[in-house]
Amino acid sequence: MTRIDSADPPEANPPVRRRRSRPGPLGFVLESVRMAWRWLTRMRTALYLLGVLGVETLVATVVPQEPNVPRTVTAWRAGTEGPGETVSAFIDMIGAYDAYGSPVFLATLLLLFTSLTACLLPRTRAWWRIARSSRPPRTNHLGKQEQVARFETTAEPEEALATGRALLGRRRWRLRSPDADPGAEPQVAAEKGHVLREGGSLLFHLSFYVLLIGVVLGQLLGFSGQVGIIEGDEHSWTETQVAYWSSAPGRWWSGDDHRRFEVTLDRFDVDWHRDPAFGGQPSLFLSHVTVTHPDGSSREDTVGGNDPLVVDGMKIHQLDWGYAPRVVIEEDGQVVHDGFLTLSATEEGVWHGAAKAPAADPDIGLDLFLVPYAPTDEAGRPQITGAPWDDAPLLLFRQYVGDLRLEAAQGVNTLDLAGLVEMGNGALRPGRSVDLGEGVTVSFPELRRWVGFQVSRRPTVPLLLAGAVLVLLGLVPALYASRRRLWMTATADPSTGRTTVTVAGRAFQRPQAFAAEYEDLVRALRRELPAPADPPGPSPASENRTSDPRPPREQVVRR
Amino acid sequence: MTLAELSKLLFSPVTLLLYTTSMLAYLYAMAFTKVDRSADEAALAGNRARILGSALAVAGVAAHVAHILTRSIASGRWPRGNMFEFSSIMALTVVLGGLVILQWRMRRAEVMGFVLLGALITLGLSLLVYAEPAPLAPILDSWWRAIHVSAISLAAGIFTMGFVFNALHLLRDTAERRVAARTEAFGGSTVGAAFAGTPTDEDHDQLVDTVAERANPDPDALHDALHDDAYRLALRDALADRWLGVRFPWRIALGSIVVVTLFSLTFQRTSATLAMPLITLAIVGLAWWAVPYLPSASTLDSLAYRTIVFAFPIWTFAVITGAIWAEQSWGRYWGWDPKETSAFLTWVAYAGYLHARATRGMRGRGASWFGIVAFCVLMFTYFVVNLLITGLHSYAGL
Ligand code: HEM
């Protein structure tokens, strides 16, 4: 193996110049590709790309994102919220409502990763060469280094150098072989930290690939779906594609990947701080569930806010909850609707939903509001409050008849009023019913709750975690390890019979830390070498440029 | 007095006053030790002031910790629930970091005055988002969240220190460069440079006064002192512009005030929007006064770098634990929620600073501007996103 003197890492900003190349269009194209590649390998380019990524992210922070808050985006598009329709049209044009899915963002990522690759290939190659076969270089400017110390010993020069070598070796410095320079004046040359620092930086940058692979594979292989389950429902919910309210399967996720376990929600505990000072903050959400596997075995467990349940590799999170009143509608003694409604919360503290009875003739629709806490005052009237606990629930509704237009897409909790006529309204306490005339009665037998679960499978989470750990493992040496070099010579003085030892050092980073390390090394070396009996004359035995224990004031630290 | 009231009292006025007096003592020490390094007596006075400053800062930390403890006992949980608590911890990190790392480890007590100023500004902002202690929503009650939030406030505190150094570096560097440019034009004499800009009579008088007051008969020392003082005056002069007959760093003040006024709109309070520009003006004046006493530009630059390099892995770790917490409680590790997005943005911005430091031609001033921008992004992440942009992370508690 040929040994090379270790050198600086490759230039971070190599110049991009057009070389004379083969004439003709092919030469031009080749040369342009070469230039583009060179340009991409420049760190300055990476800096610009990071800047562009930053600006895009900033836009996405300020502009509502469709995948996150679709309702806000709809309002912005309609101009009822946000900066108005014109600006909104512009935002749409540049794709900023879905910034992370927009071509601009993907192009930036692609360029960034290309740049990363272009930058890392030569760096990795150089690092590998240095790590395997480099040797610390000699110096011809011993006296000009940052740190220089001289002292005398009675040991022979070769012995002094050997002692120095052994000491540095014990402290894990990389040493230049004494046989590397036949004929030259003997010199100890040592180096430390360069492999670690550059290696850490490379590991840090390389782990972005791990993260990228983790995210992309996760998108392709993963699955997540949402479903609401009603407390105490006797029909259990089965994990299949069609059972979800909404789902986002990855491209490589197939229907066979569903686990087909069954879930029932036995009980849902919810409570609040009822002290008015805390405004009814929730204090407890906990779902008690029974999970039955396809093989018939079953177990009881809980799902909490920060405590998902893992079933057959799928994670069940409790995301959401709401009140679920059972509403029965009868027409001429026939039950045309009987079921639990999954109401959704509104900002005013009341819960909203709709009951739809297409079996009636004509269709009947109820637009419902539930006030969980509406105690009756002295006059016998219900007091509407915003408190979330269901100590005195009251169901308010408006009755519509006509055509529900169920063939068109509509939300479960809203009515399409286009084909409906308002008939009347009513209010119900649990266990009561009301006669609406024309043979229609509505009853509200009981109030339960429903819980919104997310069931997901993200097979690459461990990979992502490993990537994140690698990022940190690389970052710490990349930022804190410092590259430093040390040299040592020993010359015999025939007139006194003593040997003068010179130790010089320099750090490429963190000079203050190096100064301390250096002092310690020199001290250890002096301890190991026999000192002359009488310290000669007034001239200081040791000359250390940084005699001040404080770091030198005007030191320029490289990075 | 209830525990909650005691806790409030410990915060304001006790902690605030201790920090303020400590800052003043440190600033005094900085100016005094520098002006008269040769005169032992003055150096001693400076030294005493520094010791006083440290003692006050330590007492302030004690009161601050006592405040946090009593508050946690009063609310029955760790203080990680809302923005006020977060800012308070961030300020505590700034002071503690200054005492332990700067003063004790790096022996750089002279910049402590400004570090305390940074902490005080953070505390002032925290009062704008003050909230009574309240119980935590169950979704926020998780170990990962505790780790995540601690790491975030630690890193944000250290980044704040880094910002102080970046800003001082730019100020000092500008002054040094301008003086150097003028000195060249005037044949290499800094004394000449002191008068090169637009010499005013006050400048001249002050210079003569300082020289006359010096009772040191040694002509060499006199020359050195004159030289030093002239250099200091020149540094200060280099940053000033004349406007309405007053010499002041008007342009710097204007730039800072514009940025701060925009930022103050976040709080949607007239008092904040009125007070913050005035405070900014005072801070610019203070920094201007202090420019001659600061360490050299390259020292400030290296302090800034070392501080930010210390905080960056902590921030990285905090973002990772945030993702772990999100996976645990919302069932997705990353959802481009505004808060997540802006934490990522802050990370990218500081990575930009680190790259700029490593890019030839950007090292120094260019990199420091990156650092300033990155800190603005951090403030955006923290205040603007929490107060103006709603996301899942609605823990501001307002
Ligand atoms: C994906 C986004 C990137 C991030 C977040 C990032 C982050 C960082 C960080 C934090 C450092 C400081 C560590 C150190 O000082 O060694 C660093 C160093 C470095 N980065 Fe990046 N980087 C990214 C992309 C790139 C790209 C695309 C290139 C190449 C064109 C690049 C080239 C470098 C180089 C050469 C260093 C070492 C500087 C030195 O030590 O002199 N980085 N990067």
Side-chain angles (χ1 to χ4, degrees), chain A residues 12-13 43-44 46-47 50-51 53-54 57-58 60-62 64-65 67-69 99-100 215 224 273 277-279 281-286 304-308 315-317 319 454-456 458 461 464-465 468-469 471-472 475-476 479-480 510 512 549-551 553-559, chain B residues 106-107 132 134-142 144-145 295-296 298-299 301-302 305-306 309-310 312-313 316-317 320 323-325 327-338 341-342 344-345 348-349 351-352 354-363 377 380-381 385 389-392:
Chain A
N13 290 296
M43 184 137 82
R44 194 170 293 223
L47 201 55
L50 278 179
L53 186 70
T57 322
L58 184 67
T61 316
V62 180
Q65 294 298 297
N68 294 18
V69 279
Y100 303 107
V215 169
S224 99
H273 296 281
F278 303 144
Q281 262 206 46
S283 63
L284 171 74
F285 298 126
L286 192 63
N306 281 314
D307 184 19
K315 260 192 186 166
I316 305 181
H317 282 87
L319 286 192
Q454 172 184 284
V455 183
S456 60
R458 301 189 198 283
V461 162
L464 287 166
L465 198 60
V469 170
V471 164
L472 275 176
L475 193 55
V476 172
L479 293 176
Y480 300 133
R510 295 164 59 92
Q512 282 93 342
R550 243 174 94 139
R553 304 198 111 237
E554 316 300 341
Q555 209 149 36
V556 183
V557 183
R558 277 197 32 174
R559 296 192 296 109
Chain B
M106 285 154 88
R107 294 166 186 280
E132 294 296 334
L136 209 57
I139 191 82
L140 299 183
D141 188 12
S142 120
W144 282 115
R145 177 190 138 82
S296 73
S298 60
T299 306
D301 186 31
S302 111
Y305 174 69
R306 289 164 70 184
V309 143
F310 187 55
F312 188 77
T316 312
F317 174 73
I320 293 172
I324 296 177
W325 173 42
E327 169 67 22
Q328 189 192 39
S329 58
W330 295 314
R332 86 279 187 295
Y333 52 85
W334 199 267
W336 296 113
D337 164 72
T341 304
S342 57
F344 172 70
L345 181 61
V348 169
L354 293 178
H355 274 116
R357 278 285 309 215
T359 304
R360 211 159 293 150
M362 291 224 194
R363 222 170 268 169
V377 173
F380 173 84
T381 302
V385 173
I389 302 173
T390 44
L392 275 175

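Every chain is numbered from 1, with letters handed out A, B, ... down the list of sequences.
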Trainee: So, the side chain of A:His317 versus the backbone of B:Arg332: is there a donor-acceptor pair under 3.5 Å, distance only?
Mentor: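 No, because the side chain of A:His317 does not come within donor-acceptor range (under 3.5 Å) of the backbone of B:Arg332.
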Trainee: Between B:Phe310 and chain A, with a heavy-atom cut-off of 4.5 Å, which part of the residue counts as in contact: side chain, backbone, both or neither?
Mentor: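 For B:Phe310, heavy atoms of backbone and side chain both lie under 4.5 Å from chain A.
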Trainee: Taking atom CG of A:Leu50 and atom CG of B:Leu345, what is their separation to the nearest 0.5 Å?
Mentor: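 Reported to 0.5 Å precision, the distance equals 11.0 Å.
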Trainee: Could you tell me which non-hydrogen atom of A:Leu479 sits nearest to which non-hydrogen atom of B:Pro313, and how far apart they are?
Mentor: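 Looks like CD1-CG, 3.8 Å.
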Trainee: Could you pull out the closest heavy-atom pair between B:Gly331 and A:Ser456, with the gap in Å?
Mentor: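 Minimum heavy-atom contact is O-OG, 4.2 Å.
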Trainee: Evaluate side chain to side chain contact (heavy atoms under 4.5 Å, CB included) for A:Leu58 paired with B:Phe380, printing each intermediate quantity in order.
Mentor: CA-CA 10 Å; A:Leu58 184 67; B:Phe380 173 84; 3.7 Å; yes
Trainee: Over all heavy atoms of both residues, which pair between A:Pro308 and B:Gln328 is shortest? Give the atoms and the distance, please.
Mentor: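 Smallest heavy-atom distance, with atoms named: CD-O, 3.4 Å.
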Trainee: B:Ser342: which residues meet the side-chain hydrogen bond (donor to acceptor under 3.5 Å, both in side chains) condition with it, sequence neighbours left out?
Mentor: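 With sequence neighbours excluded, B:Ser342 shows a side-chain hydrogen bond (donor to acceptor under 3.5 Å, both in side chains) to no residue whatsoever.
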Trainee: Between A:Ile316 and chain B, with a heavy-atom cut-off of 4.5 Å, which part of the residue counts as in contact: side chain, backbone, both or neither?
Mentor: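 For A:Ile316, no heavy atom lies under 4.5 Å from chain B.
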Trainee: May I have the step-by-step check of side chain to side chain contact (heavy atoms under 4.5 Å, CB included) for B:Trp334 and A:Leu464, ending in yes or no?
Mentor: CA-CA 11 Å; B:Trp334 199 267; A:Leu464 287 166; over 6 Å; no
Trainee: What part of A:Thr57 is in contact with chain B, defined as an atom under 4.5 angstrom from a non-hydrogen atom: side chain, backbone, both or neither?
Mentor: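 For A:Thr57, heavy atoms of backbone and side chain both lie under 4.5 Å from chain B.
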Trainee: At a heavy-atom separation under 4.5 Å, does A:Val471 approach chain B through its side chain, its backbone, both, or neither?
Mentor: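 For A:Val471, the contact with chain B is made by the side chain alone.
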Trainee: Which value, rounded to the nearest 0.5 Å, describes the distance between A:Leu472 atom CG and B:Ile320 atom CD1?
Mentor: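 Interatomic distance, A:Leu472 CG to B:Ile320 CD1, rounded to 0.5 Å: 4.0 Å.
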Trainee: Where does A:Leu286 contact chain B at under 4.5 Å (heavy atoms): side chain, backbone, both or neither?
Mentor: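 For A:Leu286, there is no contact with chain B at all, as no heavy atom is under 4.5 Å.
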Trainee: Would you say the side-chain atoms of A:Arg458 pair up with the backbone N or O of B:Tyr333, donor to acceptor, closer than 3.5 Å?
Mentor: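 No: the side chain of A:Arg458 does not pair with the backbone of B:Tyr333.
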Trainee: With sequence neighbours left out, write down each residue that passes ring-ring contact (aromatic ring centres under 6.0 Å, His included) with B:Trp144, or none if nothing qualifies.
Mentor: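 B:Trp144: no ring-ring contact (aromatic ring centres under 6.0 Å, His included) contacts found.
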